[in-house]
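The structure under discussion appears below in the form of structure tokens.
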Amino acid sequence: MDAYFGGFGGRFVPELLVPPLDELEEAMGRLFGDPSFTGELEVLLRTYAGRPTPLTFCPRLSERLGVELWLKREDLLHSGAHKINNTLGQALLARAMGKGRLVAETGAGQHGVATAVAAARLGLDAVVYMGAVDVERQAVNVARMRLLGAEVRSVSDGTRTLKDAINEALRDWIATQRSTHYCFGTAAGPHPFPTLVRDLQAVIGREIRAQAAEAWGGLPDVVCACVGGGSNSIGAFHEFVGLGSVRLVGVEAAGTGEPGCCNSAPLNLGRPGILHGQLSMLLQTDDGQILPSHSVSAGLDYPGVGPEHSHLMASGRAEYGMASDSEALDAFRTLARLEGIIPALESSHALAWVVRNAPSLAPGSRVVVNLSGRGDKDLGIAEERLGKGFA
Ligand SMILES: *Cc1c(COP(=O)(O)O)cnc(C)c1O
């Protein structure tokens, strides 16, 4: 298994993490080709998580935009987002490797919840590291994790947010690797995590392709997804990377839109660097200090990005745009009003890109947006920003 995507990726970790990463890579090679393993995962995804998710046509927004807009409905999955595709797969893998304990990091709490769900279902212990700032900000998700039986450990180092939680989870894993699997939340981190998470999320793109063939007998013209760490987007893209007619568009958070400040767009605005065991595009100062990221959607708030996206951008196969906080909030309200669907603010960034760029697409283009999650969790911040009547 190649640890690099072009010049990006790799495994920049302390020596003590090499054995569990090797063990994980070996288990992937063995189990992903084993029909009893893949069969069990398929049944869980179908009967527990709710796959396949529909591909929904948006008649009113399509008419307004002049393109055919279709949504891949990952928002309808159990626990409300694509993250469960990854956590069920990794929890099964952990069990098959004889490990009864999961550790995970979480920022907004969504990956922590999805990990707690998978651990409960499969009878594993779960410990979730979360920055102290995020524990305060995301009280509802903390309560969910605790109800599901996970232990939430508050991290008070550094900026007390996601990147510090990842460092703490890695430290735990170094000490507990015999009994523990690190259930990493996105298609980033040291090899083999970017490949592992991509392969577990690739079901999204496989379904899109089959559903497009059924709906209109062809391929999409554009597949568009938001990019935080990069898992829902790489999951939507993977099936189409070898099909050059399909335009692949990732959308990062431009945040407040002020130049040089307050964004979460390492592909557009960062430089190559090393964070959390991988070489990839990264928000950093001229002397290599990690810059704090910002987005209205907590799930996109990460200064790095998975290495395969850095490669897809460098090679020109995929393109990466941006949407600002206010554009995402507009798209959030528009989808609710025109289609009766409340999208996650993360996914709203992908929608916002389509809204802005529809005039430059060929009329009637078939555009699939990966609706990575549902937006109920975002009502508070949307109300704060748009006002009580969402006017
Ligand atoms: C976590 C999250 C994201 C961002 O993570 P990726 O790994 O980039 O997919 C996007 N959308 C939703 C709904 C999320 O919960």
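Indexing begins at 1, ligand by ligand and atom by atom, following the structure's order.
Arg153 and Glu151 are joined by a salt bridge, as a carboxylate oxygen and a charged side-chain nitrogen come within less than 4.0 angstrom of each other. Comment: Asp125 does not engage Lys99 in a salt bridge, judged by the lack of any side-chain N to carboxylate O separation of less than 4.0 angstrom. Taking a cutoff of 4.0 Å between a charged side-chain nitrogen and a carboxylate oxygen, Glu207 and Arg73 do not qualify as a salt bridge. The pair Asp330-Arg333 meets the salt-bridge criterion, since a charged nitrogen lies less than 4.0 angstrom from a carboxylate oxygen.
Ligand 1 has at least one atom lying under 4.0 Å from a heavy atom of His82. Taking 4.0 Å as the cut-off, Gly230 counts as a neighbour of ligand 1 on heavy-atom distance.
Protein heavy atom in closest approach to atom 4 (C) of ligand 1: Gly299 O, 3.3 Å. Given atom 11 (N) of ligand 1, the protein heavy atom at minimum distance is Ser372 OG, 2.7 Å.
Residue Lys83 holds the heavy atom nearest to atom 15 (O) of ligand 1 of all those in Arg374, Gln201, Lys83. Considering Asn232, Val197, Val227, Leu371 only, the shortest heavy-atom separation from atom 9 (O) of ligand 1 involves Asn232.
Less than 4.0 angstrom separates some heavy atom of Gly373 from each of these atoms of ligand 1: 13 (C). Every atom of ligand 1 is numbered from 1 in the order shown, and the set under 4.0 Å from a heavy atom of Cys226 is 10 (C). Of all atoms in ligand 1, numbered sequentially from 1 with element shown, those under 4.0 Å from a heavy atom of Thr186 are 6 (P), 7 (O). Within ligand 1, the atoms closer than 4.0 Å to a non-hydrogen atom of Ser231 are 6 (P), 7 (O), 8 (O), 9 (O), numbered from 1 in the order shown. Distances below 4.0 Å separate heavy atoms of Ala344 from the following atoms of ligand 1: 13 (C).
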query = How far apart are the C-alpha atoms of Arg60 and Arg337, what are their side-chain angles, what is the distance that settles it, and do they pass the side chain to side chain contact (heavy atoms under 4.5 Å, CB included) test?
reply = CA-CA 10 Å; Arg60 298 183 67 204; Arg337 299 238 159 123; over 6 Å; no
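Heavy-atom neighbours of Glu136 CD from other residues, nucleotides or ligands within 6.0 Å: at or below the threshold of 12. Taking a 6.0 Å sphere around CZ of Arg64, one finds it holds 12 or fewer heavy atoms contributed by other residues, nucleotides or ligands. Within a 6.0 Å radius of CD in Glu26, more than 12 heavy atoms belonging to other residues, nucleotides or ligands are found.
Criterion: ILVMFWY side-chain heavy atoms under 4.5 Å apart, direct or through other members. Under it, Met130 and Val117 are part of a common hydrophobic cluster.
Looking at ligand 1, you'll find an N or O of Gly229 within less than 3.5 Å of one of its N or O atoms. Looking at Gly185 next to ligand 1, no N or O pair under 3.5 Å apart turns up. Geometrically, ligand 1 and Ser233 share no nitrogen or oxygen pair separated by less than 3.5 Å. In terms of polar-atom proximity, defined here as any N/O pair under 3.5 Å, Gly228 does make such a contact with ligand 1.
Between the side chains of Asn85 and Glu74, a donor-acceptor pair is found at a separation under 3.5 Å.
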